Number of protein chains: 2
Amino acid sequence: MAAHEPATLDSVAARAGVSRQTVSNVLRHPARVAEATRERVLAAIRESGYRPSLPARQLATRRAHAIAVRAERQQDGISGLVLDAFYHGLAEAGQDNGLRVVLYAQPADEAAELEIIDDLVQTGAADAVVLTATSADDQRPAYLSGSGTTFCAFGRPWGHDDEPHDWVDVDGARGTGLAVQHLLDLGRRSIAYLGWPGDGAEPSTGSDRRRGWLETVEAAGLGAPVEARSLNDAAAAEAAVASLLSGADAPDAIVCASDTLALGAHRAAVAAAGGGTPATVVGFDATPVAAALGLVSVAQPIDQAAHLCIDLLTGRFETPDRPARGVLVPPVLHLPA
Amino acid sequence: MAAHEPATLDSVAARAGVSRQTVSNVLRHPARVAEATRERVLAAIRESGYRPSLPARQLATRRAHAIAVRAERQQDGISGLVLDAFYHGLAEAGQDNGLRVVLYAQPADEAAELEIIDDLVQTGAADAVVLTATSADDQRPAYLSGSGTTFCAFGRPWGHDDEPHDWVDVDGARGTGLAVQHLLDLGRRSIAYLGWPGDGAEPSTGSDRRRGWLETVEAAGLGAPVEARSLNDAAAAEAAVASLLSGADAPDAIVCASDTLALGAHRAAVAAAGGGTPATVVGFDATPVAAALGLVSVAQPIDQAAHLCIDLLTGRFETPDRPARGVLVPPVLHLPA
DNA sequence: CTCAAATGTTTGAGCGCTCAAACCGTAACG
DNA sequence: CGTTACGGTTTGAGCGCTCAAACATTTGAG
């Protein structure tokens, strides 16, 4: 606990009676050092409480040993909570791979964000970026590919298969498929879908989730599937589902593209049931809101996704020119406690 | 956009026809450089797209220009969402002060966490730490004070006034006071409190929130205040409130120590009302759950708190021995949209 | 006109590490 | 018994910056 001068490679070397480089080798390339020497050096390291200087290493290796990730400006309501788990996963997986995670504040627009990323990379504060919340009209992947910045996206390159890059995403179709299956097991026979406007037209998260529902419902050989759309807003969702439930062929279950939609759907269902059994609602994201309402919801394995992002990045650090790789992880169904 | 060798202090200096140090001065101590020279150097910097190397600076100044903050292992249910906003606030305020924010994954226990913090500081990855979620029996502040690590806590040093340190906290009493006042304005006359077990005994977040309720209710000169306690769990809270509402002197409003408690209270209130007007519930933290249920909730000004943490830290960097300082920020009442 | 004090700029050294190349014994080979 | 080879180790150089001190140049006072 003494407040000595902090130990350096040289001070440890002197103590162990070897050269600076040998100490470094013990740490970075243990195989190069003879057994006996290694023991002695390790002892010296332990005794002196030596901690290698990160900045010095960064300077010498020209690598930051860090990745950057964006801190969202503000959680857009119900979802967004998933990010906390993502941050933790990144930090954890990063620690295991000698990578630190640095946060940058989401600025006003994409252009400003790209500037920040460039800055982080060029100043040597980060080697790579993890992009979150990517969408089809996202400029960032193309720009980063163009500028040669290493990155991994959490989210598929929707509609940009021509510009491949590393990505990790959750299999939304699989998730809604699980939801439908669960409802079928529960005996539901008319399973509707509540999605976002535009789902199904262009490739997107929404289209993907809708597809999983559609395919599973059709595979079950049930009647013509019913669906509604709404902006990601509980009130709007409630209205949309209310009209869906007032129709002649009212469904007995509703799979939703998000927990926000599920909240609205749930309200509408309870109202429409008028004391009877309301249609069963399944959400997406397994947020506390779904849990609070006692709804089943599709949970994204965020932690796993974060670890995979780190894996892809470390892989690319080692083999910079390997072809782009994408990984799809399966979600799981979360039943309320 | 050319992929030249990245510019350095020397390359810029050569281009501007001055010495290395002058370029450095232009950036760090503009006053030391003559107007004309400065212009010329700035032009050279612009033309060459020079970005100072962070690692080099860190090595030379022996400062990381970064602070560390913990990424929570897992959001404990409803609350915890606040952290996202906190991270963003830290990153934003940090950027304005030349501080980067690095994340570390919350490990299994406090001892392991302290080890990680030590490591970050000793390797020069961070100059200071922002502690989150501090509690009365928290070992971390004392340890960090002892080891001379600079830090700022988001949370008061409950019951540890003997070991002062920098902190920022939200005025919980003020928050519940606002809640009570709001209910009084609404015409409620019997305002109960739902808190956590032990609130009121020892100094703590819970005691603080309870005190705000108690003082405001007493100041209003209403009848003897009623209260209940429950673990931070919706089901437990529901049970606690149910028995509260079944009593003779059932309250017409309930102020809660958290949104999780509020959720339970809300359910109990709706059930007890049996179709009539349920008791009004006010939550704490203004999470999406409260919004989803249409509940009023006390919102913590997280962004402001984060900025204040950075202010305290930068202040301490400049004046390491100034006395410890604590800042209390007032919360605001969030009405559902 | 001289000298000292400003003012502006450069030089030298060093932060702690890693790379590549040089070095040194000793074992294996012809 | 000289030569090559090789595991193990050391040396030199340099990553890009900042500090402190040294060095010019100008200015104002005596």
Side-chain angles (χ1 to χ4, degrees), chain A residues 4-42 44-45 48-66 98 100 119 121-125 127 317, chain B residues 4-42 44-45 48-66 98 100 119 121-125 127 317:
Chain A
H4 292 293
E5 278 293 284
T8 71
L9 226 36
D10 280 297
S11 77
V12 173
R15 175 177 220 130
V18 296
S19 78
R20 179 179 15 110
Q21 182 65 41
T22 296
V23 180
S24 173
N25 284 338
V26 167
L27 260 22
R28 309 288 168 208
H29 308 278
R32 288 187 194 163
V33 181
E35 174 73 23
T37 318
R38 198 187 317 142
E39 293 297 325
R40 196 150 36 91
V41 171
L42 284 174
I45 289 178
S48 59
Y50 169 71
R51 311 267 72 193
S53 157
L54 207 78
R57 193 153 103 91
Q58 293 178 187
L59 185 58
T61 59
R62 291 131 158 290
R63 293 241 283 124
H65 303 282
R100 271 153 312 103
D119 209 75
V121 172
Q122 284 168 22
T123 59
D127 298 318
F317 288 150
Chain B
H4 292 293
E5 278 292 283
T8 70
L9 226 38
D10 280 297
S11 77
V12 172
R15 174 176 219 130
V18 296
S19 77
R20 183 180 12 110
Q21 181 64 44
T22 297
V23 180
S24 173
N25 282 338
V26 167
L27 261 22
R28 310 286 169 211
H29 308 279
R32 289 187 193 163
V33 180
E35 173 73 22
T37 318
R38 199 189 314 142
E39 294 296 325
R40 197 149 37 91
V41 171
L42 284 173
I45 288 177
S48 58
Y50 169 72
R51 312 266 71 193
S53 158
L54 207 79
R57 193 153 104 91
Q58 292 178 189
L59 186 56
T61 59
R62 290 130 159 293
R63 293 242 284 124
H65 304 281
R100 272 152 314 101
D119 208 75
V121 171
Q122 284 168 21
T123 60
D127 298 317
F317 288 149

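So that the names make sense, note that chain A is the first sequence line, chain B the second, and so on, each numbered from 1. Computed from a prediction, not measured in an experiment: that's the story for all the values here.
- Between the A:Arg40 side chain and the A:Ala16 main chain, a donor and an acceptor come within less than 3.5 Å of each other.
- For A:Thr123, the side-chain contact (heavy atoms from CB on, under 4.5 Å) partners are A:Asp119, A:Ala125, B:Arg51, B:Leu54, not counting sequence neighbours.
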B/S/- along nucleotides 9-17 of chain D (protein heavy atoms under 4.0 Å) is BBBBB-BBB
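- The CZ-P distance, from B:Arg63 to D:dT18, rounds to 13 Å in whole Å.
- Shown here are the side-chain hydrogen bond (donor to acceptor under 3.5 Å, both in side chains) partners of B:Arg63, two or more places apart in sequence or in another chain: B:Asp127.
- Side chain of B:Thr61 to main chain of B:Arg57: a donor-acceptor pair is present (N/O by atom type, distance under 3.5 Å, no hydrogens or angles).
- Contact check for A:Val33 versus A:Val41: no side-chain heavy atoms found under the 4.5 Å cut-off.
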